[in-house]
Structures are given as structure tokens and as C-alpha cells.
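Numbers for residues simply follow the sequence, beginning at 1. All values derive from a computational prediction rather than experimental measurement. Numbering of ligands and ligand atoms starts at 1, following listing order.
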Amino acid sequence: MDETTKKKKKTAECCGYPISIFFIVVNEFCERFSYYGMRAVLVLYFRYFLLWDDDLATSIYHAFVALCYLTPILGAIIADSWLGKFKTIIYLSIVYAIGQVTMAISTIHDITDANRDGTPDNFTFHIALSMLGLILIALGTGGIKPCVAAFGGDQFQEHQSRQLNTFFSVFYLCINAGSLLSTLITPVLRAQECGIHTQQQCYPLAFGVPAVLMVISLVVFIAGSGMYVKTDPEGNIMWSVCKCIGFAIKNRFRHRSSSYPKREHWMDWANEKYDKLLIAQIKMVLKVLFLYIPLPMFWTLFDQKGSRWTLQATTMSGDFGAFILQPDQMQTVNPILILTLVPIMDRLIFPLIQKCGLNFSPLKRMTVGMLFAAMAFVSAALVQIEIDKTLPNFPSSSESQLKVVNTYSTTLNVTISPNEHLLIESFGSSADYVTFDHQDITVSLNTNPVITKAFSLIKGGRQTLIIPSDPTVMYLKEDVKSKPREGKNAIRFVNGYTADLNITNLDSIEPSATTNYTLVNQGKRDFVLRHGEQWCEFSRKFGFGASYTFLIPSTVFSDDCESITEVEDMKPNSVHMALQIPQYFLITTGEVMFSVTGLQFSYSQAPKNMKSVLQAGWLCTNAVGNIIVLIVAELGKLPKQWAEYLLFASLLVAVSIIFSIMAYFYTYIDPAEIEAQVRKEQGLEPEEMEKETIEMEEKDEDQKNEQGVKQTKI
Ligand SMILES: C[C@H](N)C(=O)N1CCC[C@H]1C(=O)O
């Protein structure tokens, strides 16, 4: 074994901290920049580069995130049983960097764009390459994650326990600094245009920069190589653990008759064959893993920030006066709050609680963290109730809705069978949508002669009846029936001019025709209308999430676009995004109490040779949380979003009560002390014992006769 053991090495210190920590936290910052930066543009890449639909894009995205939190098990097994943390981090970081580079290459549209139309010709190639990249990234990021945190912890000596606790907070700060910067930067990089033959959204840059950061992360980690404390892996520990547990279960089953005396713990049934120290270590790990069972529920709520809460933000207004916030940018509030809340909690709140004589133990903190997350969802439900009051009354699946737009030269009396009468001015519209519970309607206009036409409406849809300058050709146009995505505005034009018109960024429209919807961002937008030599400019300031139909009259060029009228199909969002801040504040406070503490707790309660394994167990709670989100998203949704938020809040409260009961029965341990005690009971010196364990694990246990029960030397 070439790795230096902890007790043999004296580490260089700065302000009481091992200097090697600097390399580890910088490495974590770069790695998290790489991970979160790539994640920030991933759904958009699926949606607009690979042209997947929303459902497929979000499902693959969540499946990828879940995979990233499942692979820690693999990394932990490799580190604790085989390579040691240091080498595992290096090898898996190389895999990770290759994955990021593969991903960046898969986004270069020019590779397969032989016809140079700006879109790839061979989607299979890009999909295959990006999936390969994502698998390598998941393997890398997940594989190193439990090792980096535990390796950081290994750098501290016994007299540095206070610094060790602070380390986990600083570690978390670095994660969030990386996450914050990358989620701000990569979307900007994506919005640039680049390409060899055609200029397209610059995904290669948006994925390329995270790839570079991953290479930097690896270089920084290697740079600290000479300073690290590297703990030896102790043989195939996971295999020994599995065999030991298997033997205990088998042996317990064999001795199930009541004539055999009971043992204190079911793992004690492995006493006959396995080393006491290994059994003691397994007991410690199992106790903690059992405690983790309820924890995924926290992550189920936490991970909905990126999905449900962002969707909620798309129905809100992001106009903050001095700046405009896009719905998906609202997520950056989380890392910003982490950067402020972690120091406040560490320096102010926790010491204050301690001064008040209250014992705010790690498990109590985690329970309170869960309750904060539940409160965040109650807050989200209250905001949703406010939003619902402002949302249009969309048709149910059995209803149809109709609006009428009149571009005829005079006011019209419109009768819709059997008894709907509307008076509509020229270049005006009906006040709102009329709801029908049947699809077949007949429309009559009071023209001379009367014009009557039958229509079949779309079930569950919204439509507009367009009456053009020649009312005999009136027609139906389908409308948007939900808020436009990403807080954008859906706009369209009806051409009441007597000839074809060209409008900026839209196809040319024939007389009396209506364009399809175009999505435009919030803010002032200009459109140039053109017919031959004639043109005029039409400007309009947009809010968030509205829908408009603009009616172009025949006089459009003579009055310089002034006479264009607008029909508001859907009102802009009026509930302000600032109302989401309380829910972000609550969930982030919960995260600091739950996640930072959980990270520390998993390290402190693990035996020396299973530190990465417990970190992996901790990260797995996140994977399961993500899988629950996936299942819940696929299975039924409650009809009201606010009710779903309340349901999640109640579930988490119930889970936190169960967790607090489990925590009540948990006794905090000092693994090193227990290990020393077992060694003493075995009459072995620490050094001697270590050699003994390694030798024992190297023997092939399977060859031993299971019947010949072996008594270990106790
Ligand atoms: C960005 C989050 N605030 C955060 O720090 N995390 C979410 C999952 C765990 C943790 C991370 O390690 O990324």
C-alpha cells in the first residue's frame, strides 16, 4: 500500500486548518461550477437542440440528477475497498472531465449539419454522444462526491475538531458559490450565437466552459498531492461487510428456536465467524443508515424548486424596477441565501442557541430543517392561491371557449346559437371568452344579407372567431390555453390590410389571414411592418405571461402604425415574483440545518474505514428524493397546485415527526473510541489490530467450512 496513513503524517497548518484543505475546497468549487453550469442549460439543450418534448426533456433531466446521486455508492466502494479516496477522486475526475468534453462536442451542430440549415442532420449521433457524456458525468460527479467530503474530513487531526465542523460549512459555501456563478454565467453563454457554417445558440460554449472548469478542478486537486493525508483502504471492506451481514442473518435463522439465548443485537449472530471490530463497525453504519430512511422526503420537496417553483414563477411578474428577473433565474436565490445564511447560522444563531443552554444536537437541527422545508411549501401554497385568483378561467376538458374578433368595416351583431348575442365594434373583440358545454355552434352576423355559418369547436380548447373584411369567409383560430412558457408573451397579428404584409421575424401574411403565435420576451419590442416600399414601425412594451392579438387596419401605413389595435387574450402576470422570496428563505434555512448538518453527521458517525460509504448513503437520500419527484410528476397531479403543495408539506411534517422519534433513540458515538475499546477487549495494540484486520480480510473466507464455527480471539 503506497498511501500514507493518517497517524504517520503531520500536516502543515494555517490558522489552525490543514493547508491541504485549500486545494480541496477550490477543487469542490470548480467541480460544482462544472456540474451546476451544465445542469443549468441541460433541459434547454434537450428541448431546443435535440427537439425533445417537455415531458421527455424533464424526465431525462430528473433521471440524470437521480443517477448523479446514486453513483456515490460506486465511488465509495471503490475508495473504501480498493483505491483509497485520493486515487478514486483522480481517476473518476478524469472520467468526469471526459464526460463533460463529450457532452460539449455533442452540442456542436456543425458536425452533422451537411446541408447547412442550422440544425443537425443526424440526431442519433448527437443523442448517443450526449447520453454517453451524461453517463460519464454521472459516474464522475457522483463517484467523487462522497470521497471529496470524506477526504476533506480526513485532513484534520484529533485536536482540530472545531475546525473540522467549520470545514463542512466552508465546503458547503464553496458548493454554492460554484453553483451560483455557473447558473448565472452558463445561460448567458448559451444565449450567444456561434457556429462554423451557421450561427446558432452557443451550446458548445455553455457546455465547454464547465468542461474546462472540471479540468481545472482536477489540476488543483493534483497540485495539492504532496500535502494530503491519505488514509489507506482496508481491503475489500464492502465485500467483508456484505458477507458478515449475510452470515449474521443465516446464523440467526439457523438458531431461531427459543432454546437459544437471545443476543443483544442481531449482528452479534456473526460473532462466531467474524471479527468483533468489523461487527462493531457494521453496527455503527447500520444504525445511521436506518436513521436515513425518512430523509429522502426532504429532498423530494427541495428538488421541486427547479421544477414546480420555476413553473410557478412563470405565472408571476419579474419586474423588480431596477432589473428584470426571468422565472428560471429565481432559483439563484437559493445559493445566494446559502452564502449569507451559513455564516449567520454558524457564527450567530447556533452559538446563541447554545448560550441559551439549549442542546441543539445535529439530529434536532435536521428535524427543524425539515419543518422549515414544510413551511416553505405552505408559503408556496399561499402564493399559489394568490396567483390562481389572477389566472384566466381556462376551459375544462368537456368545455370549449370562444372569443370573437371583428375586422369588418362596421359594428356587427353576432348571434351564436342558441342564445349568445354579442355586439362587436369594428376592429374590436368580445369582452371575454364565452364558454360552451357543447362543440357545435352556428354563428349569424347581422349583415345584409345575414351570413350564417356552422362551426365545430375544440373540446377543452380556446378559439377566436375571426371576422375579416369579407365576413363570408369568417374562420376559427386556435388560441393559447395556458400561460406561455418561461414568462414569455404570445402574440399574433390579423391582417386587415388589403395586400400581403411582412412583419419582422414573422412569415408574410396574406390579407384577412392571422399569423400563428410568436413568443416574445418581456420589455419593449419593435416590429417593422412592410409592403413593397411602404413600411411603419410598431412598438409595444410587454409584461410577463400575456397573450395578444394585434389587428392591423387598412390604414396602417397612412397613420404610421398608430391605428393597430390590440386584443388582450390573456392578461399579463400580476402577482410579483418577490412573493416567492419567503418560500426560498424558508427552504434554504431548512437546507442549512438539514444538509450541512447531515454532511457533518455522516462523517462524524462513520468508522474510519467506512467514511465514504456513509457519505454515499447520505447522498443516496437525495437520489431517492429525486426519484420520488419523478414518480409524483408522472403519476396523478392534484387538480389544484396549492393543494399539492400542502400535501407535500403535510407529508414532510409527518416524516419529520417519525424522524424525531427515531433520532430520540439514537445515541451519538465516537467511532474511534468504540474501535479502540473493541481492540482493547481483544487484547490487541492498535497497530497490531490493523494488521490483523487486513490479514483476515485477505483470506478467502468462502473456502472455510461454514459448519466448523470459528471462534475469534476475544
Ligand atoms: C445548490 C444547493 N444549495 C446545494 O448546495 N446542494 C443541493 C444538493 C446538495 C448540495 C450539493 O452538494 O450540491
Side-chain angles (χ1 to χ4, degrees), residues 24-25 27-40 62 64-72 75 96 137-138 140-152 167-184 186 210 213 217 292 295-307 309-310 328-343 345 366 369-370 372-373 376 583-603 615-629:
I24 294 172
V25 293
N27 159 275
E28 182 66 12
F29 167 83
C30 297
E31 187 277 322
R32 288 286 97 181
F33 185 111
S34 179
Y35 173 73
Y36 281 110
M38 181 270 309
R39 244 179 75 163
H62 278 294
F64 166 71
V65 176
L67 188 65
C68 290
Y69 284 98
L70 277 177
T71 47
Y96 189 170
I137 293 169
T141 183
I144 63 172
K145 201 151 170 55
C147 306
V148 178
F151 191 63
F167 160 72
F168 285 108
S169 299
V170 174
F171 189 74
Y172 217 80
L173 285 179
C174 287
I175 291 175
N176 284 275
S179 154
L180 174 62
L181 282 183
S182 66
T183 18
L184 288 174
T186 44
L213 260 289
S217 160
Y292 284 172
L295 303 189
M297 200 61 209
F298 173 88
W299 297 114
T300 302
L301 271 73
F302 182 83
D303 287 324
Q304 292 189 42
K305 270 189 307 82
S307 47
W309 285 15
T310 303
D328 49 349
Q329 287 177 326
M330 197 62 198
Q331 286 182 62
T332 53
V333 172
N334 168 256
I336 293 174
L337 283 175
I338 286 277
L339 294 179
T340 37
L341 283 177
V342 168
M345 292 281 188
M366 288 167 76
M370 286 188 189
F372 266 96
Q583 68 204 55
Y584 271 96
F585 176 78
L586 289 167
I587 202 126
T588 313
T589 309
E591 184 190 353
V592 175
M593 297 204 177
F594 180 87
S595 189
V596 183
T597 313
L599 202 65
Q600 253 164 264
F601 178 78
S602 307
Y603 184 83
Q615 285 293 328
W618 164 251
L619 293 168
C620 268
T621 62
N622 199 328
V624 179
N626 253 284
I627 293 167
I628 299 175
V629 178

Among Tyr69, Trp299, Tyr292, whose side-chain hydrogen bond (donor to acceptor under 3.5 Å, both in side chains) with Thr621 holds?
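Considering Tyr69, Trp299, Tyr292, a side-chain hydrogen bond (donor to acceptor under 3.5 Å, both in side chains) with Thr621 is found only for Trp299.
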Would the Trp618 and Phe168 ring centres measure less than 6.0 Å apart?
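Between Phe168 and Trp618, which both carry aromatic rings, the centre distance is not below 6.0 Å.
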Looking only at side chains, do [X] and [Y] share a donor and an acceptor under 3.5 Å apart?
| X | Y | value |
| --- | --- | --- |
| Thr141 | Arg39 | no |
| Thr183 | Gln331 | no |
| Glu591 | Tyr172 | yes |

One line per pair, note the atom names and distance for all nitrogen or oxygen contacts under 3.5 Å between ligand 1 and the protein.
from: ligand 1; atom 1: 3 (N); to: Asn176; atom 2: OD1; distance (Å): 2.7
from: ligand 1; atom 1: 3 (N); to: Asn334; atom 2: OD1; distance (Å): 2.8
from: ligand 1; atom 1: 3 (N); to: Glu591; atom 2: OE1; distance (Å): 3.3
from: ligand 1; atom 1: 3 (N); to: Glu591; atom 2: OE2; distance (Å): 2.6
from: ligand 1; atom 1: 5 (O); to: Tyr172; atom 2: OH; distance (Å): 3.4
from: ligand 1; atom 1: 5 (O); to: Asn176; atom 2: OD1; distance (Å): 3.4
from: ligand 1; atom 1: 5 (O); to: Asn176; atom 2: ND2; distance (Å): 3.1
from: ligand 1; atom 1: 5 (O); to: Glu591; atom 2: OE2; distance (Å): 3.4
from: ligand 1; atom 1: 6 (N); to: Tyr36; atom 2: OH; distance (Å): 3.4
from: ligand 1; atom 1: 12 (O); to: Lys145; atom 2: NZ; distance (Å): 2.7
from: ligand 1; atom 1: 13 (O); to: Arg32; atom 2: NH1; distance (Å): 3.0
from: ligand 1; atom 1: 13 (O); to: Tyr36; atom 2: OH; distance (Å): 2.4

Which pair of non-hydrogen atoms, one from Leu70 and one from Cys620, has the smallest distance, and what is that distance?
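That would be CD2-SG, 4.3 Å.
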